[in-house]
Amino acid sequence: MTEREWPEEGELVVCTVTNVKDFVAFVTLDEYDNHEGLIPIAEVARGWIKHIRDFVREGQKVVCKVLHVNTSRGHIDLSLKDVNDHQRKEKIHEWKNEQKATKWIGFIAESSGVSEEFLKSRFYQDYGALFPVFEDILIDEAATLKKLDLEEPVAKALVNIANENVKLPKVTISGTLILTSNKPDGVNVIRRALRSAQPNVEDVEIELFYVGAPKYRVKVTAPDYKSAEKTINKVANAAIGVMERAEGEGSFVRKQRTGKN
């Protein structure tokens with residue numbers, strides 16, 4: 001469910017196929033109180049379709065793009081072909097998270113004595129969704145609770161549920177250190193530089209790989225990009241500092257973000 005009764009044009013929605021005819025598939029919108037929508041055969045798949053049931057079947061969960069909404073007549077036109085695999089996976093992931101969050105809100109309401117409707121309304125007001133609230137509790141508990149301005153029993157229950165159930169995704173970024181020294185003890189200088197490039201940072205994993213002289217790959221895994229970027233810059237600056245103080249040379253080349261785990 002969402003805070004709105006009807007979807008907006010262009011929105012991606014999770015649907016359940018309820019009836020498949022020769023030239024149309026009927027679905028219910030899982031997030032919108034099971035309002036009925038339809039997918040014309042021309043919007044089921046790209047190219048010529050001989051049998052519509054080769055693409056959709058009753059009971060199937062599908063992600064559709066909303067083409068048109070007529071609230072007065074209760075009509076929702078949808079497209080299945082306009083949703084790519086990445087969009088489908090992301091939407092299903094988001095939908096499942098919202099289902100989890102809805103269940104957790106029930107636990108908070110039961111333990112704190114407030115209504116589920118109040119909590120949903122409060123979360124939607126500040127976030128437009130439910131699951132991000134629980135993520136933000138783990139990222140910055142104090143700031144999130146201040147923003148929500150909840151009574152103490154509710155805030156305590158929210159924190160407990162978030163800590164017990166939510167695992168933050170991690171991100172990985174990488175780059176290449178280029179370290180050179182013409183000194184007789186240049187090898188030892190580089191070793192010192194690499195040791196300095198492994199600071200102890202809470203919740204962050206730092207890995208160094210020998211690529212081939214004078215290149216060393218740095219890989220940083222952290223809860224978020226901000227922490228990852230801060231750490232990888234700290235790693236690079238520490239190593240380069242050691243090299244320069246020993247009259248050697250050091251540089252760092254950042255690679256593109258490698259994504260979320």
Next on the checklist: Applying ring-ring contact (aromatic ring centres under 6.0 Å, His included) as the test, list every pair that has at least one member in residues 163-211; sequence neighbours left out.
Outcome noted: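 As it turns out, the ring-ring contact (aromatic ring centres under 6.0 Å, His included) pairs with a partner in residues 163-211, which skip direct neighbours, are Tyr210-Tyr216.
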Mark yes when over 12 heavy atoms from residues, nucleotides or ligands other than [X] sit less than 6.0 Å from its [atom1]; otherwise mark no.
{"X": "Lys234", "atom1": "NZ", "answer": "no"}
{"X": "Lys65", "atom1": "NZ", "answer": "no"}
{"X": "Asn182", "atom1": "CG", "answer": "no"}
{"X": "Glu110", "atom1": "CD", "answer": "no"}
{"X": "Glu247", "atom1": "CD", "answer": "no"}
{"X": "Lys61", "atom1": "NZ", "answer": "yes"}

For [X], all residues meeting side chain to side chain donor-acceptor pair (under 3.5 Å), sequence neighbours excluded:
{"X": "Asn70", "value": "Ser72"}
{"X": "His68", "value": "Glu9"}
{"X": "Arg88", "value": "none"}
{"X": "Ser251", "value": "none"}

Item to check | Pairing residues for Phe131 by the ring-ring contact (aromatic ring centres under 6.0 Å, His included) criterion, not counting sequence neighbours | outcome: Trp104
Checklist entry - Taking only residues two or more places apart in sequence, or in another chain, which ones meet Phe252 in a ring-ring contact (aromatic ring centres under 6.0 Å, His included)? => result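 By the ring-ring contact (aromatic ring centres under 6.0 Å, His included) rule, Phe252 matches no residue at all.
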What are the two closest non-hydrogen atoms of [X] and [Y], and how far apart are they?
{"X": "Tyr127", "Y": "Pro132", "value": "CD2-CB, 4.0 Å"}
{"X": "Leu145", "Y": "Ala155", "value": "CD2-CB, 3.8 Å"}
{"X": "Leu78", "Y": "Cys64", "value": "CB-CB, 3.9 Å"}

Next on the checklist: Suppose the criterion is salt bridge (Lys or Arg N to Asp or Glu O under 4.0 Å): which pairs have a residue in residues 45-57, not counting sequence neighbours?
Outcome noted: Arg46-Asp82, Arg53-Glu58
Item to check | Residue pairs passing the salt bridge (Lys or Arg N to Asp or Glu O under 4.0 Å) test where at least one lies in residues 140-167, sequence neighbours excluded | outcome: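 Listed by first then second residue: nothing to list.
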Next on the checklist: Would a single hydrophobic cluster contain both Ile49 and Val17, if residues Ile, Leu, Val, Met, Phe, Trp and Tyr are joined by side-chain heavy-atom contacts under 4.5 Å?
Outcome noted: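 Cluster IDs for Val17 and Ile49 match.
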Next on the checklist: Please tell me whether Phe134 and Val159 are part of a single hydrophobic cluster in this structure, the criterion being side-chain heavy atoms less than 4.5 Å apart.
Outcome noted: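 Yes; Val159 is reachable from Phe134 via cluster members.
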Counting distance only, does the side-chain N/O of [X] pair as donor-acceptor with the main-chain N or O of [Y] below 3.5 Å?
{"X": "Glu116", "Y": "Ile105", "value": "no"}
{"X": "Lys81", "Y": "Ala42", "value": "yes"}
{"X": "Asp33", "Y": "Glu5", "value": "no"}
{"X": "Glu31", "Y": "Val14", "value": "yes"}
{"X": "Ser227", "Y": "Ala222", "value": "no"}
{"X": "Glu43", "Y": "Pro40", "value": "no"}

Item to check | Arg122/Asp126 under salt bridge (Lys or Arg N to Asp or Glu O under 4.0 Å): CA gap, chis, key distance, verdict | outcome: CA-CA 7 Å; Arg122 192 72 188 84; Asp126 286 317; 2.5 Å; yes
Checklist entry - Would a 4.5 Å heavy-atom cut-off, applied to side chains only, mark Ile178 and Pro214 as touching? => result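 Counting from C-beta outward, Ile178 and Pro214 do come under 4.5 Å.
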Checklist entry - Is there a donor-acceptor contact under 3.5 Å linking the side chains of Tyr32 and Glu11? => result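 The criterion, which ignores hydrogens and geometry beyond distance, is satisfied for Glu11 and Tyr32.
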Using 0.5 Å steps for rounding, measure from the [atom1] atom of [X] to the [atom2] atom of [Y].
{"X": "Thr71", "Y": "His35", "atom1": "OG1", "atom2": "NE2", "result": "9.0 Å"}
{"X": "Tyr225", "Y": "Ile232", "atom1": "OH", "atom2": "CD1", "result": "12.0 Å"}
{"X": "Arg245", "Y": "Ser196", "atom1": "CZ", "atom2": "OG", "result": "7.5 Å"}
{"X": "Lys219", "Y": "Leu208", "atom1": "NZ", "atom2": "CG", "result": "12.0 Å"}
{"X": "Asp136", "Y": "Leu158", "atom1": "CG", "atom2": "CG", "result": "10.5 Å"}
{"X": "Ile240", "Y": "Leu177", "atom1": "CD1", "atom2": "CG", "result": "6.0 Å"}

For [X], all residues meeting side-chain contact (heavy atoms from CB on, under 4.5 Å), sequence neighbours excluded:
{"X": "Ser115", "answer": "Glu117, Phe118"}
{"X": "Val211", "answer": "Lys215, Arg217"}
{"X": "Thr18", "answer": "Phe26, Thr28"}

Next on the checklist: Assess the residue pair Asp22 and Ile52 against the criterion (side-chain contact (heavy atoms from CB on, under 4.5 Å)); give the C-alpha distance rounded to whole Å, side-chain angles, the decisive distance to 0.1 Å, and a yes or no.
Outcome noted: CA-CA 7 Å; Asp22 289 341; Ile52 190 172; 5.8 Å; no
